[in-house]
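To keep things clear, I will list the structure first and then write my remarks on it.
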Protein chains: 4
Amino acid sequence: MAGTLNKVMLIGNLGDDVKMHYFDDKNCIGRFPIATSESYVNKQTNERVTNTEWHNIVVRNKAAEICEKYLSKGDKIYIEGRIKTRKWTDDKGMERYSTEIQCDEFTFLTPKNDQQQSHKPSAANAKPQSQPTAPTDTMPEGDDDLPF
Amino acid sequence: MAGTLNKVMLIGNLGDDVKMHYFDDKNCIGRFPIATSESYVNKQTNERVTNTEWHNIVVRNKAAEICEKYLSKGDKIYIEGRIKTRKWTDDKGMERYSTEIQCDEFTFLTPKNDQQQSHKPSAANAKPQSQPTAPTDTMPEGDDDLPF
Amino acid sequence: MAGTLNKVMLIGNLGDDVKMHYFDDKNCIGRFPIATSESYVNKQTNERVTNTEWHNIVVRNKAAEICEKYLSKGDKIYIEGRIKTRKWTDDKGMERYSTEIQCDEFTFLTPKNDQQQSHKPSAANAKPQSQPTAPTDTMPEGDDDLPF
Amino acid sequence: MAGTLNKVMLIGNLGDDVKMHYFDDKNCIGRFPIATSESYVNKQTNERVTNTEWHNIVVRNKAAEICEKYLSKGDKIYIEGRIKTRKWTDDKGMERYSTEIQCDEFTFLTPKNDQQQSHKPSAANAKPQSQPTAPTDTMPEGDDDLPF
DNA sequence: TTTT
DNA sequence: TTTT
């Protein structure tokens with residue numbers, strides 16, 4: 001439809017590492033959950049209440065590979081994308097819905113020296129320090145100027 | 001959690017009128033679906049593909065009453081809010097999830113002269129023309145300066 | 001700098017038509033002003049105050065040509081982009097600053113039947129109705145799937 | 001004007017400490033600059049180009065005091081607000097314009113253990129660690145539930 | 001200079 | 001279920 005907007009902007013922390021799915025040698029997606037939370041004081045009880053919301057992030061192709069390489073559970077990230085609700089059928093034949101955030105851009109927010117040592121060899125090899133083309137910029141998917 | 005952001009911005013059209021639920025004389029919510037869509041040309045088939053996404057909007061209290069009064073099926077609106085996934089149990093005892101947009105601010109985008117005549121008496125009584133304090137501004141919920 | 005975001009989202013009305021500047025046969029920019037406004041009730045005087053803010057929009061290449069073709073003074077538009085402050089020297093040799101919104105995406109919000117008849121031949125020729133590839137979608141600059 | 005939006009979202013680093021201005025015992029503003037940057041590879045020269053953009057942030061009242069207390073030069077922050085261009089007259093009687101971001105919400109993004117030791121007594125006294133009600137939540141100005 |  |  002013309003004249004519409006579907007935009008999501010999140011800042012949150014990864015609840016798990018990036019899980020990759022490869023379709024063929026050119027296409028893949030990465031998935032990971034991020035948590036946002038809000039807290040407020042309940043006026044009746046004077047207690048502080050914290051609600052955590054989990055978001056299922058889906059990122060594609062080169063962007064997925066960058067996320068897989070540089071992101072680990074616990075890292076903070078800015079995500080920009082759109083909401084997409086998928087319909088699927090469970091093993092009892094029931095229709096189910098699952099809402100995902102299709103990520104278009106992202107920016108890593110965890111300082112490099114704060115990232116925990118990861119056991120993923122890909123991350124260990126990343127050496128982002130020596131790359132003038134740091135992978136932490138806001139990154140529109142499909143920007144072929146970026147050397148990834 | 002400190003340092004997080006959960007922000008949704010939508011421009012879309014109402015797929016149905018606003019449905020109100022009253023809890024007591026001070027608290028109510030309004031619900032309505034809005035559609036966004038995107039279209040692109042499939043490179044293999046050269047066909048234009050249009051995908052429509054439906055979003056369940058939830059708006060509270062005074063803001064809900066304003067939406068109920070001035071919005072009708074088909075109207076275009078800008079919505080700002082946050083994503084919230086509710087867990088519920090269906091009649092077979094299965095856990096289900098439903099994702100909603102909790103609306104914090106909105107702006108009506110359908111010009112008044114374009115709005116179709118509604119049969120709802122509340123809308124017929126609205127007479128927004130005679131109100132200098134038009135209800136179409138971006139409106140943070142809970143702003144008591146607004147004369148509603 | 002890594003890990004930064006510079007994002008502007010505006011909904012407003014054009015205060016003037018799009019002015020084009022051509023650099024060569026491949027590069028051009030379009031410029032136009034849009035107005036946003038906010039109003040509130042002054043608590044002391046009980047008067048409604050309205051403040052209008054003007055934004056200088058800059059759009060490039062194909063996107064500029066689409067704006068020039070389909071937008072006219074008075075039309076409503078959604079703009080997404082980034083803030084850029086340019087430094088220039090006035091005719092007295094003084095340093096001056098001018099802040100612009102470099103537009104990355106936009107969506108036309110004025111319904112076609114509401115647009116005033118324009119005298120620009122380009123707009124008269126536009127015939128967007130007969131184009132399955134409507135120019136009113138949210139449109140990332142450089143999306144070559146779009147037939148413009 | 002009804003039906004408009006003026007929204008800015010920035011993630012950047014403070015170029016200086018927060019400067020406070022007190023009007024009376026209830027009203028104050030804080031000002032600080034933040035930098036965003038973008039980088040790309042120039043296709044002609046194959047060189048990486050980085051452009052830094054400076055934004056003048058203005059924050060009011062309690063929010064200003066929180067910023068002054070917890071933010072220092074170099075810290076990373078998420079800012080949400082609106083664009084406002086002020087007109088002023090310089091000492092030669094020339095009209096000048098200055099564009100500011102009037103901040104409505106913010107979230108601190110520098111982890112506490114990464115913040116440099118500041119010499120400001122207010123910051124030294126802050127002890128945010130011992131406060132369950134951490135000042136780093138996204139914070140709408142005027143939210144009186146927050147214990148500041 | 002726009003719009004409601 | 002909307003809209004173009």
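Just so we're on the same page: letters track the sequence lines, and every chain starts at 1. Since the model is a prediction, treat every value here as computed from it, not as a measurement.
- Without hydrogens or angle criteria, B:Glu53 side chain to A:Thr85 main chain gives a donor-acceptor distance under 3.5 Å.
- Summarising the geometry, the separation between OH on B:Tyr78 and C1' on F:dT3 is reported as 19 Å, rounded to the nearest angstrom.
- Remark: C1' of F:dT1 and CZ of B:Phe32 are 14 Å apart, rounded to the nearest angstrom.
- C:Gly12 and C:Thr36 make their closest contact through CA-CG2, 4.4 Å (heavy atoms, listed as atom of the first residue, atom of the second, distance).
- What separates CH2 of C:Trp54 from P of E:dT1 is a distance of 9 Å, to the nearest Å.
- Atom pair B:Ile34:CD1 and F:dT4:P shows a separation of 15 Å (rounding to whole Å applied).
- With hydrogens and angles ignored, a donor-acceptor pair under 3.5 angstrom links the side chain of C:Thr52 to the base of E:dT2.
- If you take CG of C:Asp17 and P of E:dT3, they are 11 Å apart, rounded to a whole angstrom.
- Atom NZ of C:Lys76 is separated from atom C1' of F:dT4 by 18 Å (rounded to the nearest Å).
- When atom types are taken as modelled, the side chain of B:Asn42 and the backbone of B:Gln44 share a donor-acceptor pair closer than 3.5 angstrom.
- Residue C:Asn13 places its side chain closer to E:dT3 than to any other of E:dT1, E:dT3, F:dT2.
- For the pair C:Glu53 CD and E:dT1 C1', the interatomic distance rounds to 14 Å; values are reported in whole Å.
- Here E:dT2 presents its P atom at 21 Å from CG of D:Leu5, a figure rounded to the nearest Å.
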Test salt bridge (Lys or Arg N to Asp or Glu O under 4.0 Å) applied to A:Asp90 and A:Arg96, step by step: CA-CA 7 Å; A:Asp90 72 12; A:Arg96 301 291 206 106; 2.9 Å; yes
